[in-house]
Amino acid sequence: QVQLQESGGGSVQSGGSLRLSCAASGYTYSSYYMGWFRQAPGKEREVVATIGFDSSVSYAESVKGRFTISQDKAKNTLYLLMNSLKPEDTAMYYCAAGKAFLRVTAVQALDHGDRAFSYWGQGTQVTVSS
């Protein structure tokens, strides 16, 4: 029932920007807390940014000040604006939805990572060249 589809990935030079989108369907968007994750080859999947049930936001230290997570509830869409991209940002980026109707804040979702989320998109590739 819950379906997530990412878009907006691509190849950019170091210092460039990209805006990722996550279109959600099959559920009441406002009842879920959301997040963005990424996974590089040979690395574990890591949480990048989250939005809590209360619209609070939180970021991993590695992207703080460069990335911005936002949402348009009317369009059932989650966004990730990525500025000042670095080669180490190269990864598959995934949109994720958490547990329905749970009062989980962005900080709590960030701290728990994968274990706090139930639904995942297929991912979109981001490649940053030096």
Side-chain angles (χ1 to χ4, degrees):
Q1 290 181 310
V2 177
Q3 295 184 353
L4 305 172
Q5 185 169 2
E6 305 93 336
S7 62
S11 182
V12 298
Q13 293 184 329
S14 181
S17 299
L18 282 174
R19 187 199 194 200
L20 305 184
S21 298
C22 173
S25 63
Y27 69 104
T28 303
Y29 178 89
S30 61
S31 67
Y32 292 83
Y33 53 93
M34 306 288 291
W36 284 99
F37 291 75
R38 67 185 182 186
Q39 186 170 27
K43 302 289 185 179
E44 294 293 318
R45 185 167 58 191
E46 63 176 343
V47 61
V48 175
T50 55
I51 290 184
F53 81 100
D54 56 352
S55 296
S56 59
V57 299
S58 191
Y59 301 92
E61 289 296 327
S62 60
V63 307
K64 194 172 297 182
R66 299 188 298 121
F67 291 10
T68 302
I69 187 171
S70 62
Q71 61 188 357
D72 186 335
K73 292 185 176 181
K75 295 182 178 180
N76 289 344
T77 303
L78 182 73
Y79 302 99
L80 184 67
L81 176 62
M82 305 183 293
N83 293 322
S84 302
L85 284 163
K86 306 174 181 179
E88 49 263 48
D89 294 319
T90 295
M92 281 289 292
Y93 282 72
Y94 299 90
C95 173
K99 314 290 185 180
F101 301 108
L102 292 185
R103 296 170 62 85
V104 176
T105 65
V107 171
Q108 291 172 328
L110 192 79
D111 288 345
H112 285 89
D114 289 359
R115 295 177 295 176
F117 292 84
S118 298
Y119 308 99
W120 302 84
Q122 294 92 346
T124 185
Q125 179 67 40
V126 171
T127 302
V128 185
S129 60
S130 60

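Source: prediction; values computed, not measured.
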Q. How about V57 and T50: do any of their side-chain heavy atoms sit closer than 4.5 Å?
A. no

Q | Audit row: Y32, V2, side-chain contact (heavy atoms from CB on, under 4.5 Å) steps and yes/no | A | CA-CA 11 Å; Y32 292 83; V2 177; 3.8 Å; yes

**Q.** Atom of S17, atom of V12 and distance for their closest heavy-atom approach
**A.** O-CG1, 4.1 Å

Q: List the steps and the verdict of side-chain contact (heavy atoms from CB on, under 4.5 Å) for Q71 and Y79.
A: CA-CA 6 Å; Q71 61 188 357; Y79 302 99; 5.7 Å; no

Q | Between CG on residue L102 and OH on residue Y33, distance to nearest 0.5 Å | A | 5.5 Å

Q: State, yes or no, whether a side-chain contact exists between F37 and W120 at a heavy-atom distance under 4.5 Å.
A: yes

Q: Considering non-hydrogen atoms only, spot the tightest contact between Q122 and L4 and give its length.
A: OE1-O, 3.4 Å

(Q) Could you work out, with side-chain hydrogen bond (donor to acceptor under 3.5 Å, both in side chains) as the rule, every residue matching S11, not counting sequence neighbours? (A) none

(Q) Rounded to the nearest 0.5 Å, what separates atom SG in C95 from atom CE in M34? (A) 4.0 Å

Q) Charged N to carboxylate O below 4.0 Å: is that the case for D89 and R66? A) yes

Q: Walk me through it: do L20 and W36 pass the test side-chain contact (heavy atoms from CB on, under 4.5 Å)?
A: CA-CA 10 Å; L20 305 184; W36 284 99; 3.7 Å; yes

**Q.** Closest approach of S130 to S14 (non-hydrogen atoms, all atoms of both residues)
**A.** CA-CB, 4.3 Å

Q) Do T77 and D72 have side-chain atoms, one donor and one acceptor, less than 3.5 Å apart? A) no

Q. Can you tell me how far CZ of F117 sits from CZ of R45, rounded to the nearest 0.5 angstrom?
A. 10.5 Å

(Q) Y94: which residues meet the ring-ring contact (aromatic ring centres under 6.0 Å, His included) condition with it, sequence neighbours left out? (A) none

**Q.** Residues that Y93 engages under ring-ring contact (aromatic ring centres under 6.0 Å, His included), provided they are two or more places apart
**A.** none

Q: Using atom types as modelled and distance alone, determine if a side-chain donor or acceptor of Q5 lies under 3.5 Å from a backbone N or O of A23.
A: no

Q.
What's the separation between atom NZ in K99 and atom CZ in R115, rounded to the nearest 0.5 Å?
A. 11.5 Å

Q: Take atom CD of Q125 as the centre, draw a 6.0 Å sphere, and report whether it contains more than 12 heavy atoms from other residues, nucleotides or ligands.
A: yes

Q. S129 and P87: which non-hydrogen atoms are nearest, and at how many Å?
A. C-CG, 4.4 Å

Q: Could you check if a side-chain atom of E44 sits within less than 4.5 angstrom of a side-chain atom of Q39, using non-hydrogen atoms only?
A: no

Q.
Using 0.5 Å steps for rounding, measure from the CZ atom of F67 to the OG atom of S84.
A. 9.0 Å

Q. To the nearest 0.5 Å, how far apart are SG in C22 and CG in L78?
A. 5.5 Å

Q. Taking C-beta and beyond as the side chain, do V126 and M82 meet within less than 4.5 Å on heavy atoms?
A. yes

Q: Compare every heavy atom of A40 with every heavy atom of T90, then report the nearest pair and how far apart it is.
A: O-CB, 3.8 Å

Q.
Using every non-hydrogen atom in the two residues, find where S62 and R38 come nearest and quote the distance to one decimal.
A. OG-NH2, 3.5 Å

Q.
Please determine whether side-chain contact (heavy atoms from CB on, under 4.5 Å) holds for the pair S55 and K73, giving the CA-CA distance in whole Å, both sets of side-chain angles, and the decisive distance to 0.1 Å.
A. CA-CA 11 Å; S55 296; K73 292 185 176 181; 3.9 Å; yes

